[in-house]
Amino acid sequence: MSYLPDLSVLLVAGFGVFLIAFMKGAFGGGLAIVGIPVLSLVMDPISAGAVLAPLFVLMDMAALYYWRPSTWSKIDLGLLLPGLACGTAIGFLLLKVIDRSVVAIIIATITLAFTGLWFRGGGKIVQRPRSKAKAVIAGTASGVSSMMAHSGGPPVAMYLLPLGLPKAVYAGTSSSFFAAGNLMKVVPWLALAKPGAELWTLMGLCLPIIPLGVWAGYALHERLDQKQLYRLCYALLTVTAFKLLWDGMRGYGAF
């Protein structure tokens, strides 16, 4: 019995893994939702999550080669990580109780409002004071939404982006935050999906793509100035928010 995946599955999964690794190299993580829908074209979303859960950890290890502790905003990580741990646990407990479509719609609506206000204001990088309360809310929301809707990026980005951090510090802080989050959720996701031999084989075949994707993303990051990077981050937030909204509405048969 062959455990090799179909060529079409391998090609689509490989592209999705490259895309996510690229995002981690360029923006430090948090935009993995861009790649998950790609894998869902050839497998169900639960299997896609199971394939990506361990690969996320390896992507984070590769990304942290570039985004080392000198690029981390440790004060913000100290505020965000406790909420992330609580949110991940809450998300796992609620995963079979609350409709994921509700979570997706709520996060999408808030994110679109947030990005819309930023673009309406001319896309200026304006540094605002940090707030412990906002950090706790953002970290918890990121943990919950990451477990339930694979969308932990928007909540934490809505906290970090208004701080106006230097581009390397933003990317490094985001990367280390999601490295911790993905490590927390890999076991719950594997327990939920229970991947078989074919999915494990697919994960192994995708491994060589990870360092290439992270390197390509980091190369792009180095060529962008801070304003360009922030515009791209907000634009990608908008795209992922619309994707979340679509998924949430489709869950209720609206499309």
Side-chain angles (χ1 to χ4, degrees), residues 3-43 47-73 77 84 146 150-153 156-157 160 166-187 189-190 193 195 197-225 228-229 232-233 236 239-240:
Y3 294 119
L4 289 176
D6 292 340
L7 180 60
S8 60
V9 173
L10 180 59
L11 291 175
V12 172
F15 174 73
V17 169
F18 176 85
L19 185 60
I20 298 169
F22 180 88
M23 295 295 182
K24 285 184 176 291
F27 306 109
L31 296 165
I33 190 175
V34 176
I36 288 174
V38 175
L39 271 73
S40 296
L41 294 174
V42 291
M43 64 185 72
S47 295
V51 168
L52 290 172
L55 294 181
F56 281 155
V57 176
L58 297 174
M59 290 179 203
D60 292 328
M61 292 173 62
L64 289 176
Y65 174 80
Y66 299 100
W67 306 122
R68 299 186 180 185
S70 60
T71 65
W72 303 355
S73 175
L77 287 173
L84 173 65
S146 183
H150 306 293
S151 55
V156 75
L160 288 176
K167 66 172 187 173
V169 175
Y170 172 80
T173 304
S174 179
S175 184
S176 55
F177 175 85
F178 285 103
N182 289 327
L183 196 59
M184 291 176 194
K185 71 178 186 179
V186 62
V187 172
W189 256 109
L190 291 177
E198 184 174 339
L199 289 184
W200 282 110
T201 302
L202 181 61
M203 294 179 212
L205 292 173
C206 288
L207 287 178
I209 301 170
I210 291 174
L212 177 62
V214 173
W215 171 82
Y218 183 76
L220 173 66
H221 176 94
E222 288 291 282
R223 287 166 172 75
L224 296 174
D225 63 30
Q228 288 175 320
L229 182 72
L232 273 176
C233 284
L236 286 168
V239 170
T240 55

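Sequential numbering from 1 along the given sequence is applied to the chain's residues.
Separation of atoms SG (C206) and CG (L52) is listed at 8.5 Å; rounding is to 0.5 Å. Note that NZ of K167 and CD of E222 are 6.0 Å apart. Values are rounded to the nearest 0.5 Å. Residue I20 holds its CD1 atom at 10.5 Å from CZ of F15, rounded to the nearest 0.5 Å. Note that the CG atom of L64 and the OG atom of S176 stand 7.0 Å from one another [nearest 0.5 Å]. Annotation: the span from L190 atom CG to L199 atom CG amounts to 10.0 Å, rounded to 0.5 Å. Atom CZ of F56 sits about 16.0 Å away from atom CE of M61, to the nearest 0.5 Å.
Considering every non-hydrogen atom in both I210 and A62, the closest pair reads CG2-CB, 4.2 Å. Minimum interatomic distance between A21 and M59 (heavy atoms only, all atoms of both residues): N-SD, 3.9 Å. Between T173 and L77 the shortest heavy-atom distance is O-CD2, 3.7 Å. Shortest non-hydrogen contact noted between K24 and W67 is O-NE1, 3.4 Å. Shortest non-hydrogen contact noted between S146 and W189 is O-NE1, 4.3 Å. Residue L220 comes nearest to A26 through the heavy atom pair CD2-CB, 4.4 Å, listed as atom of the first residue, atom of the second, then distance.
Looking at V51 and P195, their side chains never come closer than 4.5 Å, going by heavy atoms from C-beta outward. In this structure the side chain of L84 reaches within 4.5 angstrom of the side chain of F177, judged on heavy atoms. Contact check for F178 versus V156: side-chain heavy atoms found under the 4.5 Å cut-off.
Seen from the ring of Y66, R68 does not count as a face-on cation partner, given the 6.0 Å and 45° thresholds.
No donor-acceptor pair closer than 3.5 Å links the side chain of S174 to the backbone N or O of Y170.
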